[in-house]
Amino acid sequence: MKTLHTMALVSIASLGLIGGAHAQTAAKGTKAENVAKVTDADIRQLIESSFTSKGPATVEGVINQDATQKACSQYPDRTKVPTPLAKKVEAAELKQVKYPADSNFIGDWKEGEKIAQNGRGMQFSDQVGGVNGANCYACHQLTKAEISFGNIGPSLYHYGKLRGNSQDVVKYTWGKIWDSNAYSACSNMPRFGHKGILTEQQIRDVMALLLDPASPVNQ
Ligand code: HEC
(Lines give C-alpha, C1' and ligand atoms only; values in the text may rest on other atoms or scores of the structure.)
Protein backbone atom coordinates (compact mmCIF):
# COMPACT_ATOMS: atom_id res chain seq x y z
CA MET A 1 0.00 0.00 0.00
CA LYS A 2 2.38 2.60 -1.25
CA THR A 3 -0.57 4.70 -2.29
CA LEU A 4 -1.69 6.24 0.98
CA HIS A 5 1.90 6.55 2.04
CA THR A 6 2.93 8.69 -0.93
CA MET A 7 -0.22 10.78 -0.73
CA ALA A 8 0.23 11.43 2.96
CA LEU A 9 3.89 12.34 2.68
CA VAL A 10 3.19 14.79 -0.06
CA SER A 11 0.26 16.37 1.71
CA ILE A 12 1.93 16.46 5.10
CA ALA A 13 5.09 17.92 3.62
CA SER A 14 3.11 20.54 1.77
CA LEU A 15 1.09 21.42 4.85
CA GLY A 16 4.33 21.79 6.79
CA LEU A 17 2.91 19.71 9.62
CA ILE A 18 6.09 17.81 10.31
CA GLY A 19 9.67 18.90 9.90
CA GLY A 20 11.28 15.48 10.18
CA ALA A 21 13.79 14.03 7.79
CA HIS A 22 11.20 11.99 5.92
CA ALA A 23 9.05 14.97 5.09
CA GLN A 24 12.09 16.91 4.00
CA THR A 25 13.30 14.19 1.67
CA ALA A 26 9.80 13.89 0.22
CA ALA A 27 9.58 17.65 -0.25
CA LYS A 28 12.89 17.69 -2.09
CA GLY A 29 11.67 14.84 -4.26
CA THR A 30 14.67 12.70 -3.32
CA LYS A 31 14.79 9.06 -4.42
CA ALA A 32 12.08 6.73 -3.17
CA GLU A 33 14.49 4.51 -1.21
CA ASN A 34 15.14 7.37 1.23
CA VAL A 35 11.54 7.35 2.37
CA ALA A 36 10.91 3.61 1.96
CA LYS A 37 11.31 2.91 5.68
CA VAL A 38 8.15 4.84 6.55
CA THR A 39 5.21 2.44 6.35
CA ASP A 40 1.61 3.22 5.56
CA ALA A 41 0.75 2.39 9.16
CA ASP A 42 3.24 5.05 10.36
CA ILE A 43 1.63 7.65 8.17
CA ARG A 44 -1.87 6.66 9.18
CA GLN A 45 -0.90 6.90 12.83
CA LEU A 46 0.74 10.27 12.24
CA ILE A 47 -2.35 11.64 10.51
CA GLU A 48 -4.66 10.23 13.17
CA SER A 49 -2.59 11.75 15.97
CA SER A 50 -2.07 15.14 14.29
CA PHE A 51 -5.55 15.85 12.92
CA THR A 52 -8.76 16.21 14.84
CA SER A 53 -12.10 15.86 13.08
CA LYS A 54 -14.00 19.11 13.31
CA GLY A 55 -17.18 19.98 11.46
CA PRO A 56 -17.10 18.75 7.86
CA ALA A 57 -13.28 18.28 7.93
CA THR A 58 -12.75 14.73 9.16
CA VAL A 59 -9.72 12.50 9.66
CA GLU A 60 -11.59 9.81 7.68
CA GLY A 61 -11.92 12.27 4.81
CA VAL A 62 -8.13 12.52 4.68
CA ILE A 63 -7.41 8.81 5.11
CA ASN A 64 -10.18 7.02 3.22
CA GLN A 65 -9.50 7.19 -0.49
CA ASP A 66 -11.69 5.80 -3.25
CA ALA A 67 -10.21 3.65 -6.03
CA THR A 68 -9.45 6.65 -8.25
CA GLN A 69 -7.74 8.58 -5.47
CA LYS A 70 -5.68 5.50 -4.59
CA ALA A 71 -4.64 5.01 -8.20
CA CYS A 72 -3.84 8.69 -8.68
CA SER A 73 -1.90 8.98 -5.41
CA GLN A 74 0.76 6.75 -6.94
CA TYR A 75 1.56 9.63 -9.28
CA PRO A 76 2.04 12.89 -7.38
CA ASP A 77 3.26 14.26 -10.72
CA ARG A 78 -0.01 14.05 -12.68
CA THR A 79 1.80 14.27 -15.99
CA LYS A 80 3.37 10.86 -15.30
CA VAL A 81 0.08 8.91 -15.08
CA PRO A 82 0.43 6.01 -17.58
CA THR A 83 -2.06 6.18 -20.46
CA PRO A 84 -3.74 2.79 -19.77
CA LEU A 85 -4.42 3.82 -16.16
CA ALA A 86 -5.68 7.25 -17.27
CA LYS A 87 -8.11 5.60 -19.72
CA LYS A 88 -9.35 3.22 -17.01
CA VAL A 89 -9.91 6.05 -14.49
CA GLU A 90 -11.68 8.24 -17.06
CA ALA A 91 -14.01 5.43 -18.18
CA ALA A 92 -14.91 4.55 -14.58
CA GLU A 93 -15.53 8.18 -13.60
CA LEU A 94 -17.55 8.96 -16.75
CA LYS A 95 -19.94 6.14 -15.81
CA GLN A 96 -20.65 7.88 -12.50
CA VAL A 97 -21.63 11.24 -13.99
CA LYS A 98 -25.30 12.03 -13.31
CA TYR A 99 -26.95 14.25 -15.89
CA PRO A 100 -30.03 16.25 -14.89
CA ALA A 101 -33.13 14.06 -15.18
CA ASP A 102 -35.18 16.90 -16.68
CA SER A 103 -32.42 17.70 -19.23
CA ASN A 104 -32.30 21.22 -17.84
CA PHE A 105 -28.59 21.97 -17.87
CA ILE A 106 -28.55 25.76 -17.67
CA GLY A 107 -29.49 27.89 -14.65
CA ASP A 108 -28.82 31.49 -13.66
CA TRP A 109 -25.35 32.90 -14.39
CA LYS A 110 -25.71 35.53 -11.61
CA GLU A 111 -26.01 32.73 -9.06
CA GLY A 112 -23.20 30.88 -10.86
CA GLU A 113 -20.90 33.89 -10.44
CA LYS A 114 -21.57 33.92 -6.67
CA ILE A 115 -20.81 30.19 -6.46
CA ALA A 116 -17.61 30.60 -8.51
CA GLN A 117 -16.48 33.39 -6.16
CA ASN A 118 -17.34 31.54 -2.95
CA GLY A 119 -14.47 29.62 -1.39
CA ARG A 120 -16.32 28.50 1.73
CA GLY A 121 -17.43 24.97 2.47
CA MET A 122 -16.15 21.66 3.85
CA GLN A 123 -13.60 23.36 6.10
CA PHE A 124 -13.43 22.79 9.86
CA SER A 125 -14.99 26.18 10.47
CA ASP A 126 -17.97 25.46 8.19
CA GLN A 127 -21.30 23.93 9.18
CA VAL A 128 -21.88 20.24 8.47
CA GLY A 129 -24.39 20.03 5.62
CA GLY A 130 -24.06 23.76 4.86
CA VAL A 131 -24.12 25.16 1.31
CA ASN A 132 -20.68 25.00 -0.32
CA GLY A 133 -19.00 27.36 -2.74
CA ALA A 134 -16.97 26.14 -5.74
CA ASN A 135 -14.02 28.56 -5.68
CA CYS A 136 -13.61 28.28 -9.47
CA TYR A 137 -11.66 31.56 -9.45
CA ALA A 138 -8.98 29.99 -7.26
CA CYS A 139 -7.85 28.09 -10.37
CA HIS A 140 -9.45 29.77 -13.40
CA GLN A 141 -9.91 33.15 -14.98
CA LEU A 142 -13.60 33.51 -15.81
CA THR A 143 -14.62 37.13 -16.31
CA LYS A 144 -12.74 40.31 -17.23
CA ALA A 145 -14.09 42.12 -14.17
CA GLU A 146 -12.52 39.74 -11.64
CA ILE A 147 -8.78 40.23 -11.75
CA SER A 148 -7.99 38.09 -8.72
CA PHE A 149 -7.80 34.51 -9.97
CA GLY A 150 -5.47 31.52 -9.93
CA ASN A 151 -4.02 29.83 -12.98
CA ILE A 152 -3.67 26.14 -12.08
CA GLY A 153 -6.49 25.60 -14.58
CA PRO A 154 -6.85 27.14 -18.07
CA SER A 155 -8.62 30.48 -18.54
CA LEU A 156 -12.36 29.98 -19.07
CA TYR A 157 -12.89 33.54 -20.28
CA HIS A 158 -15.09 33.45 -23.42
CA TYR A 159 -15.76 29.73 -22.79
CA GLY A 160 -19.24 29.73 -24.36
CA LYS A 161 -18.38 32.31 -26.98
CA LEU A 162 -15.52 30.13 -28.26
CA ARG A 163 -17.24 26.72 -28.03
CA GLY A 164 -20.90 27.49 -28.62
CA ASN A 165 -23.60 25.53 -26.84
CA SER A 166 -24.12 22.40 -28.92
CA GLN A 167 -25.41 19.30 -27.14
CA ASP A 168 -21.86 17.91 -27.10
CA VAL A 169 -20.39 21.01 -25.47
CA VAL A 170 -23.18 21.17 -22.89
CA LYS A 171 -22.80 17.49 -22.00
CA TYR A 172 -19.01 17.66 -21.82
CA THR A 173 -19.08 20.77 -19.61
CA TRP A 174 -21.62 19.23 -17.23
CA GLY A 175 -19.58 16.02 -17.03
CA LYS A 176 -16.38 17.96 -16.45
CA ILE A 177 -17.87 19.91 -13.54
CA TRP A 178 -19.63 16.84 -12.12
CA ASP A 179 -16.47 14.76 -12.22
CA SER A 180 -13.31 16.37 -13.62
CA ASN A 181 -11.60 12.96 -13.74
CA ALA A 182 -14.08 11.70 -16.32
CA TYR A 183 -12.18 13.68 -18.94
CA SER A 184 -8.76 14.08 -17.39
CA ALA A 185 -7.63 11.34 -15.02
CA CYS A 186 -6.10 12.53 -11.77
CA SER A 187 -7.09 16.13 -12.48
CA ASN A 188 -6.44 18.67 -9.75
CA MET A 189 -9.96 20.00 -10.21
CA PRO A 190 -12.46 18.93 -7.51
CA ARG A 191 -15.18 16.41 -8.50
CA PHE A 192 -17.98 18.79 -7.65
CA GLY A 193 -21.03 16.61 -8.33
CA HIS A 194 -19.53 13.22 -7.60
CA LYS A 195 -18.26 14.31 -4.19
CA GLY A 196 -21.46 16.18 -3.33
CA ILE A 197 -19.66 19.52 -3.10
CA LEU A 198 -22.25 21.26 -5.29
CA THR A 199 -25.93 20.48 -5.75
CA GLU A 200 -27.44 19.85 -9.17
CA GLN A 201 -28.96 23.36 -9.13
CA GLN A 202 -25.61 24.94 -8.25
CA ILE A 203 -24.01 23.10 -11.19
CA ARG A 204 -26.76 24.45 -13.49
CA ASP A 205 -25.94 27.97 -12.32
CA VAL A 206 -22.20 27.51 -12.87
CA MET A 207 -23.02 26.04 -16.33
CA ALA A 208 -24.92 29.25 -17.10
CA LEU A 209 -21.91 31.30 -16.03
CA LEU A 210 -19.82 29.44 -18.63
CA LEU A 211 -22.37 29.04 -21.44
CA ASP A 212 -25.10 31.71 -21.28
CA PRO A 213 -24.38 34.30 -23.99
CA ALA A 214 -25.47 37.01 -21.49
CA SER A 215 -22.92 35.88 -18.87
CA PRO A 216 -19.93 38.22 -18.29
CA VAL A 217 -17.73 35.21 -19.16
CA ASN A 218 -18.86 35.64 -22.76
CA GLN A 219 -18.66 39.44 -23.09
C1 HEC B 1 -8.24 23.39 -7.56
C2 HEC B 1 -8.26 23.96 -8.88
C3 HEC B 1 -9.55 23.99 -9.67
C4 HEC B 1 -10.79 24.43 -9.27
C5 HEC B 1 -11.21 24.93 -7.90
C6 HEC B 1 -11.62 24.38 -10.44
N7 HEC B 1 -10.91 23.88 -11.50
FE8 HEC B 1 -11.60 23.63 -13.39
N9 HEC B 1 -9.79 22.87 -13.97
C10 HEC B 1 -8.68 22.79 -13.18
C11 HEC B 1 -7.58 22.23 -13.93
C12 HEC B 1 -6.18 21.98 -13.40
C13 HEC B 1 -8.07 21.99 -15.23
C14 HEC B 1 -7.26 21.43 -16.41
C15 HEC B 1 -7.05 19.95 -16.23
C16 HEC B 1 -8.32 19.22 -16.41
O17 HEC B 1 -8.88 19.26 -17.52
O18 HEC B 1 -8.83 18.64 -15.46
C19 HEC B 1 -9.47 22.40 -15.22
C20 HEC B 1 -10.32 22.30 -16.31
C21 HEC B 1 -11.60 22.81 -16.36
C22 HEC B 1 -12.47 22.78 -17.51
C23 HEC B 1 -12.13 22.19 -18.87
C24 HEC B 1 -11.55 23.26 -19.73
C25 HEC B 1 -11.42 22.85 -21.17
O26 HEC B 1 -10.58 23.47 -21.84
O27 HEC B 1 -12.12 21.95 -21.63
C28 HEC B 1 -13.65 23.38 -17.15
C29 HEC B 1 -14.87 23.60 -18.03
C30 HEC B 1 -13.51 23.78 -15.77
N31 HEC B 1 -12.26 23.42 -15.31
C32 HEC B 1 -14.50 24.43 -15.06
C33 HEC B 1 -14.42 24.73 -13.69
C34 HEC B 1 -15.50 25.33 -12.94
C35 HEC B 1 -16.81 25.80 -13.53
C36 HEC B 1 -15.08 25.40 -11.65
C37 HEC B 1 -15.89 25.83 -10.44
C38 HEC B 1 -17.18 25.17 -10.34
C39 HEC B 1 -13.72 24.86 -11.60
N40 HEC B 1 -13.36 24.47 -12.86
C41 HEC B 1 -12.95 24.77 -10.47
C42 HEC B 1 -8.60 23.15 -11.85
C43 HEC B 1 -9.65 23.64 -11.08
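Atoms within a ligand are numbered from 1 in the order they appear, just like the ligands themselves. Below, all heavy atoms of this structure are taken into account, side chains as well, without hydrogens, waters or symmetry copies. Owing to the predicted nature of the structure, the values given are computational and were not obtained by experimental measurement.
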> Does the side chain of H194 reach to within under 4.5 Å of the side chain of E93, using non-hydrogen atoms?
Replying inline: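 Yes - at least one pair of side-chain heavy atoms lies under 4.5 Å apart.
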
> Is any side-chain heavy atom of L94 less than 4.5 Å from a side-chain heavy atom of Y183?
Replying inline: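 The answer is yes; the side chains approach within 4.5 Å.
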
What atoms of ligand 1 come closer than 4.0 angstrom to any heavy atom of [X]?
X: S184; answer: 16 (C), 17 (O), 18 (O)
X: V206; answer: 35 (C), 38 (C)
X: A134; answer: 5 (C), 37 (C), 38 (C)

Would you check if there is a donor-acceptor pair between the side chains of [Y] and [X] at a distance under 3.5 Å?
X: T173; Y: Y159; answer: yes
X: T39; Y: D42; answer: yes
X: S184; Y: E90; answer: no
X: E113; Y: T143; answer: no

salt_bridge([X], [Y]) N-O dist < 4.0 Å:
X: D168; Y: K171; answer: no
X: D66; Y: R191; answer: yes
X: R204; Y: E111; answer: no

Contact partition for [X] relative to ligand 1, non-hydrogen atoms under 4.0 Å:
X: F192; answer: side chain
X: P190; answer: side chain
X: Q202; answer: neither
X: N135; answer: backbone

> What are the two closest non-hydrogen atoms of W109 and A208, and how far apart are they?
Replying inline: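 Heavy atoms of W109 and A208 come nearest at N-CB, 3.4 Å.
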
> At what distance is the nearest protein heavy atom to atom 12 (C) of ligand 1, and which residue and atom is it?
Replying inline: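 Its nearest protein heavy-atom neighbour is I152 O, 3.5 Å.
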
> For ligand 1, is Y172 a contact, meaning one of its heavy atoms is under 4.0 Å away?
Replying inline: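 True for this residue.
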
> Are R163 and ligand 1 in contact, using a heavy-atom cut-off of under 4.0 Å?
Replying inline: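 Heavy atoms of R163 do come under 4.0 Å of ligand 1.
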
> Short question: side chain of S180, backbone of K176 - any donor-acceptor pair under 3.5 Å?
Replying inline: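 No: the side chain of S180 does not pair with the backbone of K176.
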
>> Strictly under 2.8 Å, how many protein N, O or S atoms lie near atom 8 (Fe) of ligand 1? Waters don't count.
In response: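 N, O or S atoms of the protein closer than 2.8 Å: 2.
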
